[in-house]
Amino acid sequence: MSGLEEEYRLEYFETNGFYRKQCVACGDAFWTRDGDRETCGEPPCDTYGFIDDPGFAEAYTLEEMREAFLGFFEEHDHERIDPYPVAANRWRDDVLLTQASIYDFQPLVTSGETPPPANPLTVSQPCIRMQDIDNVGKTGRHTMAFEMMAHHAFNAREGVEGYAYEGEVYWKEETVAYCEELLDELGADLEEVTYIEDPWVGGGNAGPAIEVIYRGLELATLVFMSLERDPDGEYELKGDSYSPMDTYVVDTGYGLERWTWLSQGTPTVYEAIYPEMIDVLTENAGIEHTEEEAAIVHDAARLAGNLDIDDADDVEAARADIAAELEVGLDRLRGLLEPLESVYAIADHSRTLAYMLGDGIVPSNVGTGYLARMVLRRLKRLADGVGVDAPLDELVDMQAERLGYANRDTVREVVRTEVEKYRETLARGERRVESLAEEYAREGQPIPAEELVELYDSHGIQPDTVTDIASQRGVDVETPDDFYGLVAKRHESERAQTDGEESASDTGLEGLPATERLYYEDQNRMEFEAMVLEVRERGENHPEGGYDVVLDQTMFYPEGGGQPADHGTLSTDDVTASVLDVQLVDDVVIHRTDVDPGTGEFVRGTVDAERRRRHMRHHTATHIVGHAARQVLGDHIRQAGAQKGTESARLDVRHYESVSHEQLTAIERRANDLVMANEPVKQEWLDRNEAEERHGFDIYQGGIPEGEQVRLIHTGPDTQACGGTHVSYSGEVGIIKILGTERVQDGVVRLTYAAGEAAVEAVQRTERRLDATADVLDVSPPAVPETAERFFEEWKARGKRIEQLQSELAAARASGATGGETVDVGGTTAVVQRVDGGMEQLRATANALVDEGKLAVVGSGDDGAQFVVAVPEGVAVDAGEVVGELARRVGGGGGGPADFAQGGGPDTGALEDTLADAPEVLREQLE
RNA sequence: GGGCUCGUAGAUCAGCGGUAGAUCAUCCCCCUGGCACGGGGAAGGCCCCGGGUUCAAAUCCCGGCGAGUCCA
């Protein structure tokens, strides 16, 4: 066991006269050319030394610095590659956002499975780190959106085989030399640069790493990824053991924003990287400073840079010290700085959104969409708070323009839609809080913490919003110290349930050769011959029983990519086995059959052609519908899931609003246009990097395939990476009929459609329903909508008429025209009457009687035995009690308020006797 | 992917087992020279859909559809 000290003894350091020192303040080991140096150079051991005193020979803009960096490495034999999207989930499924340039090459390139797009390479990769959201604007140096400039080299140890790249391109010596040369070229004083030893650990990998510090600013991190976690490993880092890997990767990160900042020496990073935006925002917000105020702000920023400020909490703590140092009041300082902090954050959040939306992320309540929504809402709050009244879509567009995105119209549209949604949510929230505040105001109580949690968790209302509105009504709010802790507590129980995932069962099929998959060779052939390599009876883990059959080659398509497995038969001369399911495990296709075809036998395989053809039509149709949806709805349209069946298929796409009928019709028409154009559907196997380069990441609509080669399906103008089976010409899909659309969740729209024979069947089904409806209405099908509407209107009108007639009838009954027994109960006239009708009639009759000052007991035998008892004002009879007693006698129950009650029971036979006893019951009540 | 909340008049929402309500908007009348305001009146409801429990469901339970929100 050992650490990595030896790893840092570079020849470069030796020959250039470096010293290895230990920081007298923090104890970290570092390398320097300056023999007198005692501290590592990084705050808090040292302070910023570049503000008002830029560290490079010239000032660079963001764009100039990016070009300087990439150009430098191009000159040193690196290939410049285009940056990847910030939505990392478009090429890997373990993370949401790109947080570092190395994300572009994980996991397949770093593991050696796939070659890198170039080697060595250089890139300036846009990244988003949501974890810095609270620090943006406040610390002077944090940005949520940033570009990580990098150069990477992918190496494999000499003599080991089986990796997608081999040999060593370069390693630590060259990496440090490049860094020094670049710094030197830009005019940095190399005497002032320090290299801190800081081992890197992450995601099961580790390696030595060096932090490059210049004038107090960490400019770069040079990571030498070369170790993997291994219980028996010889290296010990942060509590885990590691051993060397066969591949080792140079992973560098140079912060574009910091290099730009250092070259300009502005008080904060924000003024260096988007000065125009800061100008626009300060003017729009009406922030004006006198010369004296401007000087205070400037000095405060410089002082803050010299302090050990890591996050927003430190800023607050340091502010008093800064105020004292500048000899201004704390409140005045805060008043000057806080609006600026908002402006900085607004500029940053606008840029973050430009990255996100420019890369096609659609705001929603899940995944990256949720993150985009959070950023936008925070941006809106900041802008409102500081008085920036420029529309957000303009702010985002300013950044999108600078970043060169082509889909700026969509981006603006998305921002506008999302701002409107937020406005509605806020309005809803305000109404809710207002009525809640009034409720608690009446009781003279403060709004309790549980309500606060509920308002936030279920309705998205921030506690400070609640406090604001409540205080306007003079209501206190119990704000707990640990508000977000309480919210988290609410979610604790759901965590517990999410484990218990079934572990992949041991297939026991190791060592079998990969099945040759014939369905890729000829997607139209449905018959083949093969040899049975292995048959296993399915164990008790599989309640459906049967056999797992492995062949040397197969035409059967295994379930995958949203396409269900083929069915069919495997026959020998003696037996015919039905194939009920087909799965792919690693490279082996497993056929589940009902009987054992016999190991070593030759079998004739026949695929259920009807089923397969329907799947093929629906699969190609899915590509076509996706393409059409993108044309109609916009370039941001991406597949969120898909399922193909025999009767219909569905495609879920990311979109920011529901799809209108008009849009649906347009999609359907475009899709059928593509069908009728009868374009060839071609498959092509391509090297992964080449496929990405030629067609972009949008080919991964159906998920991210493994392996070095990807299979592309070209359907006319559409290209996707896909493992499914397809028809040969788009015309074979037949008619595509969109059956419906629904919003599966916010930000995801589902399109359901049928193709070919399934479409014809679907149309016929719809037609039959229409015919049946027309028959019922006794009109021709075209007249159905109009007739249905007329009938519905008439039905409503009749309902009203019936109600009116019933009350007239009831009034007539009450006036004594239709009998009923009249008795005297303690001085009040009571009428006991049987009216066989519904509850409506009973109520109307009883009400009419009460209107005449009479006590009413009305019974019906229409639907069981039912009673209504109504008591006029000032009569001391409890209607509820009376009904309870009467209903009990017919085997039921009942009740209600004292002046009006209803009830009943199933025993209709006892109705007459019960009504006869009613006067008795009423009199008992009086006592 | 999981949790929570909500679907009642055109709009905003009460009601939360027992006769469907308020406010605004709409229409009519009064007041005015006219408008705003004010006063009086009317019209407007498959209480989201489907099951269940109950004598009785807008109300309780289950399922679906729709909307919102928090978290991974």
Side-chain angles (χ1 to χ4, degrees), chain A residues 89 93-96 130 364-368 370-371 373-374 377 421-422 424-432 434-436 438-439 450-451 453-462 483-484 486-499 501 640-641 657-658 740-748 750 792-793 795-796 799-800 803 806-807 810 838-848 850-851 856 858-860 862-870 879-880 883-884 886-908 911 914:
Chain A
N89 59 347
D93 48 20
D94 55 338
V95 291
L96 295 175
M130 294 290 293
S364 75
N365 54 13
V366 289
T368 51
Y370 181 61
L371 301 180
R373 175 165 288 171
M374 269 176 62
R377 293 188 171 188
K421 274 186 189 167
Y422 186 42
E424 279 168 22
T425 296
L426 283 183
R428 237 193 320 272
E430 261 169 49
R431 287 194 300 265
R432 187 166 208 102
E434 275 167 19
S435 70
L436 202 66
E438 271 165 30
E439 194 179 308
E450 307 92 75
E451 292 280 10
V453 172
E454 164 74 14
L455 283 169
Y456 175 72
D457 199 31
S458 296
H459 306 286
I461 304 163
Q462 239 72 14
F483 175 74
Y484 291 95
L486 286 179
V487 176
K489 208 169 172 188
R490 256 192 139 193
H491 292 273
E492 256 169 29
S493 54
E494 73 199 58
R495 295 274 146 67
Q497 298 170 345
T498 43
D499 44 30
E501 191 156 304
E657 57 188 3
S658 13
T741 171
E742 60 186 313
R743 284 237 277 182
V744 120
Q745 56 187 194
D746 198 18
V748 179
R750 171 168 298 171
F792 187 59
E793 291 303 321
W795 173 78
K796 284 201 284 189
K800 273 173 222 155
E803 208 172 301
Q806 273 177 346
S807 66
M839 194 52 92
E840 294 293 311
Q841 284 191 53
L842 299 194
R843 276 203 301 252
T845 306
N847 280 331
V850 167
D851 283 347
V858 190
S860 162
D862 230 24
D863 180 20
Q866 291 181 307
F867 303 99
V868 169
V869 175
V883 162
L886 296 178
R888 197 183 55 73
R889 297 183 185 207
V890 292
D899 61 333
F900 188 96
Q902 49 193 300
D907 188 1
T908 319
L911 178 61
T914 306

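Worth knowing before you read on, the calculation uses all heavy atoms, side chains too, and leaves out hydrogens, waters and symmetry mates. So you know, we letter chains A, B, ... as the sequences are listed, proteins then strands, and number each from 1. Since we're looking at a predicted model, the values are computed, not measured.
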Kindly confirm whether the side-chain ring of A:Phe900 is stacked on the base of B:U19, judged by centres under 5.5 Å and planes under 30°.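 So yes, this residue stacks on that base, both cut-offs being met.
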[X] [atom1] to [N] [atom2]: how many Å, rounded?
{"X": "A:Asn365", "N": "B:C4", "atom1": "CG", "atom2": "C1'", "result": "13 Å"}
{"X": "A:Glu430", "N": "B:U69", "atom1": "CD", "atom2": "C1'", "result": "17 Å"}
{"X": "A:Arg888", "N": "B:C55", "atom1": "CZ", "atom2": "P", "result": "15 Å"}

Polar atoms only, N or O, under 3.5 Å: list the protein pairs with nucleotides 10-17 of chain B and their distances.
from, atom 1, to, atom 2, distance (Å)
B:U12, O3', A:Arg431, NE, 2.6
B:U12, O3', A:Arg431, NH2, 3.1
B:C13, OP1, A:Arg431, NE, 2.9
B:C13, OP1, A:Arg431, NH2, 3.4

Test item: A:Ser435 side-chain N/O and A:Arg432 main-chain N/O as donor-acceptor pair under 3.5 Å: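 Yes; judged by distance alone, with no hydrogens or angles, the pair exists.
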Check nucleotides 44-49 of chain B for protein N or O atoms closer than 3.5 Å to its own N or O atoms and list the pairs.
from, atom 1, to, atom 2, distance (Å)
B:G44, OP1, A:Lys800, NZ, 2.9

5' to 3', nucleotides 56-63 of chain B under a 4.0 Å protein heavy-atom cut-off (B base, S sugar-phosphate only, - none) gives --------
Please identify each residue that fulfils side-chain contact (heavy atoms from CB on, under 4.5 Å) with [X], with sequence neighbours left out.
{"X": "A:Asp907", "value": "A:Val890, A:Ala910"}
{"X": "A:Asn89", "value": "A:Ala87, A:Leu96, A:Thr368"}
{"X": "A:Glu451", "value": "A:Leu436, A:Tyr440, A:Ile447, A:Pro448"}
{"X": "A:Thr425", "value": "A:Arg377, A:Arg428"}

Interatomic distance at [atom1], [N] relative to [M], whole Å:
{"N": "B:G21", "M": "B:C27", "atom1": "P", "value": "24 Å"}
{"N": "B:C13", "M": "B:G18", "atom1": "C1'", "value": "23 Å"}
{"N": "B:C6", "M": "B:G15", "atom1": "P", "value": "11 Å"}
{"N": "B:C29", "M": "B:A11", "atom1": "P", "value": "27 Å"}
{"N": "B:C46", "M": "B:A57", "atom1": "C1'", "value": "15 Å"}
{"N": "B:U8", "M": "B:C49", "atom1": "C1'", "value": "15 Å"}
{"N": "B:A58", "M": "B:C47", "atom1": "P", "value": "8 Å"}
{"N": "B:C70", "M": "B:C62", "atom1": "C1'", "value": "25 Å"}

List for me each residue that meets ring pair (Phe, Tyr, Trp, His ring centres under 6.0 Å) alongside A:Phe900, sequence neighbours excluded, and say none if there are none.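 With neighbours one apart ignored, the set is empty.
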Pairing residues for A:Tyr422 by the side-chain hydrogen bond (donor to acceptor under 3.5 Å, both in side chains) criterion, not counting sequence neighbours: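 Applying side-chain hydrogen bond (donor to acceptor under 3.5 Å, both in side chains) to A:Tyr422 gives A:Arg381.
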What pairs with A:Arg888 under side-chain hydrogen bond (donor to acceptor under 3.5 Å, both in side chains), at least two apart in sequence or on another chain?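 A:Arg888: side-chain hydrogen bond (donor to acceptor under 3.5 Å, both in side chains) contacts with A:Glu885.
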5' precedence on RNA chain B between A:Gly896 and A:Gln462 (nearest-nucleotide basis):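 That would be A:Gly896.
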Tell me if the side-chain of A:Asn847 makes a donor-acceptor pair with the base of B:U19, cut-off 3.5 Å, by modelled atom types.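 Checked by distance alone, the answer is yes.
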Would you please enumerate the stems RNA chain B participates in, each stem being three or more consecutive Watson-Crick or G-U wobble pairs with both distances under 3.5 Å?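 In RNA chain B, stems of three or more pairs: B:1-7 with B:65-71, B:10-13 with B:21-24, B:26-30 with B:38-42, B:48-52 with B:60-64.
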If you look at every strand shown and take non-hydrogen atoms under 4.0 Å, does A:Gly904 touch a base, only sugar-phosphate, or nothing?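 Contact class for A:Gly904: base.
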Salt bridge (Lys or Arg N to Asp or Glu O under 4.0 Å) against A:Glu424, all qualifying residues, sequence neighbours excluded: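 None.
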